[in-house]
Structure formats: structure tokens, C-alpha cells
Amino acid sequence: EVRLVESGGDMVQPGGSLRLSCAASGFIFSEYDMAWVRQTPGRGNEWVASIESRRGGRTFYSEAVKGRFTISRDDASRVLFLDITNLRREDSALYFCAKFYRDPVDHTDTNLLEYWGRGTRVTVSS
């Protein structure tokens, strides 16, 4: 059974930082591309970042987070990370970790995400 369990969400002040983690199990983590997606009532699901498997290792970011967010992975520990800096109020959301189907043609397309975790909440407020 595929499981993705996110953690690390918190309430932080604008300008603050967080590290989100996603523990994966039930599949060969190192062989799959992974992504972070966030959800808000007003914007729905918004793709944030993706990272290729060990075969490529490329990373991709939405324009909204480029330069502030960093996606990474530890294949030995089967954990996906999202390091967030310079948080803004508009970053407040429920953040999901997700697994792509094998060899996605578009790393920004959330329709190509096969499994999702339950999410971890980030709230940016002073």
C-alpha cells in the first residue's frame, strides 16, 4: 500500500521559514518523480514544485515560489522535503506531497499525480 505522510506544517510569521517533510512507503521511492501541491479555498489545488527520480534529479518550481522554495529528496530514507523561506501570507495553505505516475510528460500537471498524502497545514500570520 502506498503511503505518503506529510509533516512540518506550522503557524509562522511573514518572512519566516519552514521545512516540510513527506515520509513515503509502499513503493520504490527512488524510482518515481515527486511533487508538492498546495490547496486553498480560493485557489483550489496549486502545483508548487516537482523533482525527478534519481535518473534525472531535475527540479521544477512554480513562478509563485521560485527562489524561495527548495524541493529535495533523500532516497535512502525515503523522504521528500520542501524548504520554504521568506514566507508570505499567500503561502498559507494545506500542503500535499504526491507521487507521479511513472515518467510524467509534464511535471507541472497535477492530473499526472497518482497518489497524494493527507497534507500538512502552513499558516502565515503575524
Side-chain angles (χ1 to χ4, degrees):
E1 176 191 5
V2 172
R3 289 195 70 202
L4 299 169
V5 181
E6 302 92 338
S7 61
D10 203 348
M11 178 179 287
V12 296
Q13 293 186 344
S17 300
L18 277 178
R19 165 169 266 204
L20 306 184
S21 300
C22 171
S25 60
F27 64 103
I28 304 174
F29 180 72
S30 61
E31 294 187 358
Y32 286 89
D33 301 355
M34 301 291 295
W36 287 97
V37 179
R38 63 188 181 186
Q39 183 184 78
T40 61
R43 300 195 302 267
N45 287 338
E46 177 187 5
W47 169 75
V48 172
S50 299
I51 186 168
E52 289 182 327
S53 71
R54 62 184 177 183
R55 291 173 295 172
R58 291 183 299 170
T59 57
F60 309 84
Y61 298 95
S62 71
E63 287 301 317
V65 308
K66 194 175 292 184
R68 299 187 298 120
F69 289 23
T70 302
I71 187 172
S72 61
R73 61 193 299 161
D74 182 340
D75 287 345
S77 300
R78 307 166 64 86
V79 180
L80 181 72
F81 299 104
L82 186 68
D83 289 295
I84 307 174
T85 62
N86 193 19
L87 275 158
R88 305 168 181 170
R89 286 184 173 80
E90 55 265 35
D91 294 321
S92 296
L94 186 61
Y95 283 74
F96 296 93
C97 160
K99 169 189 172 294
F100 278 103
Y101 288 99
R102 193 177 291 276
D103 298 330
V105 296
D106 182 351
H107 287 88
T108 71
D109 187 351
T110 58
N111 292 312
L112 300 181
L113 293 167
E114 182 180 17
Y115 289 99
W116 299 59
R118 290 192 170 187
T120 186
R121 185 164 296 281
V122 174
T123 303
V124 184
S125 175
S126 53

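Source: prediction; values computed, not measured.
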(request) State whether the number of non-hydrogen atoms from other residues, nucleotides or ligands found under 6.0 Å of Arg3 atom CZ is greater than 12. (result) no
Could you measure the distance from the [atom1] atom of [X] to the [atom2] atom of [Y]? Nearest 0.5 Å is fine.
{"X": "Ser50", "Y": "Arg58", "atom1": "OG", "atom2": "CZ", "value": "11.0 Å"}
{"X": "Leu80", "Y": "Ser72", "atom1": "CG", "atom2": "OG", "value": "7.0 Å"}
{"X": "Leu87", "Y": "Ser17", "atom1": "CG", "atom2": "OG", "value": "6.5 Å"}
{"X": "Ser7", "Y": "Arg19", "atom1": "OG", "atom2": "CZ", "value": "10.5 Å"}
{"X": "Leu82", "Y": "Cys97", "atom1": "CG", "atom2": "SG", "value": "10.0 Å"}
{"X": "Asp33", "Y": "Leu113", "atom1": "CG", "atom2": "CG", "value": "10.0 Å"}

[X] side chain to [Y] main-chain N or O, any donor-acceptor pair under 3.5 Å?
{"X": "Arg78", "Y": "Ala24", "answer": "yes"}
{"X": "Gln39", "Y": "Asn45", "answer": "no"}
{"X": "Arg73", "Y": "Glu52", "answer": "yes"}

Side-chain donor/acceptor pairs under 3.5 Å, residues 118-126, sequence neighbours excluded:
from: Thr120; atom 1: OG1; to: Gly9; atom 2: N; distance (Å): 2.9
from: Ser126; atom 1: OG; to: Arg89; atom 2: NH2; distance (Å): 2.7

What are the two closest non-hydrogen atoms of [X] and [Y], and how far apart are they?
{"X": "Ala35", "Y": "Ile71", "result": "CA-CD1, 4.5 Å"}
{"X": "Leu4", "Y": "Met34", "result": "CD2-CE, 3.9 Å"}
{"X": "Thr40", "Y": "Ala93", "result": "CG2-CB, 3.4 Å"}

(message) Restricting to ring-ring contact (aromatic ring centres under 6.0 Å, His included), what partner residues turn up for Phe96, sequence neighbours left out?
(response) Trp116
(request) Not counting sequence neighbours, which residues clear ring-ring contact (aromatic ring centres under 6.0 Å, His included) with Tyr101? List them please. (result) none
(request) Dump the intermediate steps for salt bridge (Lys or Arg N to Asp or Glu O under 4.0 Å) on Asp103 and Arg55, then the final yes or no. (result) CA-CA 10 Å; Asp103 298 330; Arg55 291 173 295 172; 3.0 Å; yes
(request) Scan residues 40-88 for pairs that pass ring pair (Phe, Tyr, Trp, His ring centres under 6.0 Å), counting only residues two or more places apart or in two chains. (result) Phe60-His107
4.5 Å side-chain heavy-atom contact, [X] and [Y]:
{"X": "Glu6", "Y": "Trp36", "answer": "yes"}
{"X": "Phe100", "Y": "Tyr32", "answer": "no"}
{"X": "Thr59", "Y": "Ile51", "answer": "yes"}

(message) In this structure, would Val5 and Val2 fall into the same cluster of hydrophobic residues linked by side-chain contacts under 4.5 Å?
(response) no
(request) Find out if a path of hydrophobic residues (ILVMFWY) with successive side-chain heavy-atom gaps under 4.5 Å connects Leu112 to Val37. (result) yes
(message) Using the side chain to side chain contact (heavy atoms under 4.5 Å, CB included) definition, which of the options Val65, Val12, Leu20 pairs with Ile84?
(response) Leu20
(request) Please determine if Glu114 and Arg102 form a salt bridge, counting it only when a charged side-chain N lies under 4.0 Å from a carboxylate O. (result) no
(request) Only counting residues at least two apart or in another chain, list the ones meeting side-chain hydrogen bond (donor to acceptor under 3.5 Å, both in side chains) with Arg38. (result) Glu46, Asp91, Tyr95
(message) Applying salt bridge (Lys or Arg N to Asp or Glu O under 4.0 Å), can you list everything that pairs with Asp106, at least two apart in sequence or on another chain?
(response) none
